[in-house]
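Scope of the values below: all heavy atoms of this structure, side chains included, with no hydrogens, waters or symmetry mates.
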Number of protein chains: 2
Amino acid sequence: MYDFAERLKEAGLKATIQRIFILEVIESYGHATIEEIYEETIKKHPSLSLATVYKNILLMVEKGVLNEVPVTGKKTKYELSKEDHIHLICTSCGKVEDRPYLEDAQQLFSSLSRSEHFALRQQLINLYGLCHACQSA
Amino acid sequence: MYDFAERLKEAGLKATIQRIFILEVIESYGHATIEEIYEETIKKHPSLSLATVYKNILLMVEKGVLNEVPVTGKKTKYELSKEDHIHLICTSCGKVEDRPYLEDAQQLFSSLSRSEHFALRQQLINLYGLCHACQSA
DNA sequence: ATCCTTGCAAATGATTTGCAAGAGT
DNA sequence: ACTCTTGCAAATCATTTGCAAGGAT
């Protein structure tokens with residue numbers, strides 16, 4: 001469990017109760033949509049406004065506290081920022097799981113970027129398919 | 001240049017003039033947003049309605065004629081379906097370029113999927129950074 | 001005390017829908 | 001001819017904005 005108040009201040013943002021609750025919800029979900037974040041956060045803080053969620057998600061993405069994960073055909077999800085990793089996305093149940101980034105893939109993409117004179121900053125790797133549970137059904 | 005009429009029929013869709021124009025626009029753009037597609041297509045076919053663009057894009061994605069490319073922080077783009085490839089996305093000018101998928105990366109992700117009991121179907125690899133042109137500025 | 005943030009309500013923007021008329025096979 | 005598709009207008013849903021009141025440092 002993180003010290004979110006500290007994390008926010010480092011990013012130049014005030015540590016409001018709303019922001020901390022939002023971050024806690026995202027942490028517990030792993031990946032969550034705006035709507036999920038809102039629905040879950042108002043359980044702890046009923047006066048929270050949806051507009052506040054939007055404003056904060058945007059702000060925290062901008063400040064690098066959160067990371068945006070667009071998901072083909074579904075709503076965008078948000079996760080706490082961390083090192084590069086791979087998303088395994090189940091197209092049946094919608095679950096998103098993180099897997100550590102493979103060293104070798106890292107290498108490949110870095111060298112591709114270098115040879116293309118492309119200044120690589122961030123990468124998004126989404127693998128879509130069926131998770132183990134959904135293959136049975 | 002593709003035979004789009006044929007491509008549509010294969011997918012079980014009628015080859016209407018609207019759909020063909022839409023596909024031509026996407027082909028010439030490489031990657032385009034709904035709005036770009038609409039704005040460009042009405043030049044050739046002024047009576048086209050925006051609702052028709054939405055309906056068709058959705059349908060053609062579903063039928064596998066088009067491929068959806070979500071772009072972090074920007075509007076979703078659409079491309080003609082083709083083999084797996086890598087997107088180099090410039091966060092400054094917004095340009096999206098395709099690069100052939102690296103054999104080795106293919107291997108890595110396949111074997112990761114296998115060991116996770118994940119039935120891999122599709123992959124999205126977006127590399128974000130600055131293109132050569134934008135690095136100078 | 002100051003400046004940032006919240007919550008509300010309204011405005012804007014994006015996407016979807018229903019249906020009668022028109023086009024493709 | 002039959003069925004699918006279009007275009008329109010309205011409905012719905014998602015996101016953003018302005019501003020007065022409240023909260024964090």
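The B/Arg19 side chain lies nearest to D/dT6 when the options are C/dT5, D/dT6, C/dT6. In the set D/dC8, D/dG23, C/dG24, D/dC8 carries the atom at the smallest distance from any side-chain atom of B/Ser49. When distances are taken from the side chain of A/Ala51 to each of C/dT16, C/dT5, C/dA9, the shortest belongs to C/dA9.
Looking at heavy-atom distances under 4.0 Å, B/Gln18 makes contact with sugar-phosphate atoms alone, never a base. The residue A/Thr52 sits close to a base: some heavy atom pair falls under 4.0 Å. Residue-level contact check: B/Leu48 touches the backbone only, with heavy atoms under 4.0 Å from sugar-phosphate atoms and none from bases.
Put simply, NZ on B/Lys14 is 7 Å from P on D/dC4, counting in whole angstrom units. The separation between B/Tyr54 atom OH and D/dC8 atom P is 16 Å, rounded to whole Å. Taking atom NZ on A/Lys63 and atom C1' on C/dT5, their separation rounds to 14 Å, with Å as the unit. Rounded to whole angstrom, the span from the CG atom of A/Leu50 across to the P atom of C/dG7 amounts to 11 Å. We find that CD of A/Glu39 is positioned 14 Å from P of D/dC13, with the value rounded to whole Å. The distance between atom CG of B/Leu59 and atom C1' of D/dT3, rounded to the nearest whole Å, is 14 Å. Atom OH in A/Tyr38 sits about 16 Å away from atom C1' in D/dT16, given to the nearest Å. Taking atom CG on B/Leu8 and atom P on D/dC4, their separation rounds to 16 Å, with Å as the unit.
Note that CG of A/Leu80 is 9.5 Å distant from CG of A/Asn67, once rounded to the nearest 0.5 Å.
Scanning atom types as modelled, one donor and one acceptor separated by under 3.5 angstrom connect the side chain of B/Lys55 and the base of D/dG7.
Remark: side-chain polar atoms of A/Ser81 are paired, donor with acceptor, to backbone N or O of A/Val65 under 3.5 angstrom.
Regarding contacts with the backbone of C/dG7, a side-chain N or O of A/His45 is found under 4.0 angstrom from either OP1 or OP2. Using a 4.0 Å cut-off, some side-chain N or O of B/Thr16 falls inside it from OP1 or OP2 of D/dT6.
Residue whose closest nucleotide on DNA chain C sits further toward the 5' end, between A/Asn56 and B/Ala5: A/Asn56.
Side-chain contact between B/Asp104 and B/Leu108 is absent, with no heavy atoms from C-beta onward closer than 4.5 Å.
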Atom pairs and distances, side-chain donor-acceptor, residues 6-15 of chain A, under 3.5 Å, sequence neighbours left out:
none

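Heavy atoms of other residues, nucleotides or ligands lying less than 6.0 angstrom from NZ of B/Lys74 number more than 12.
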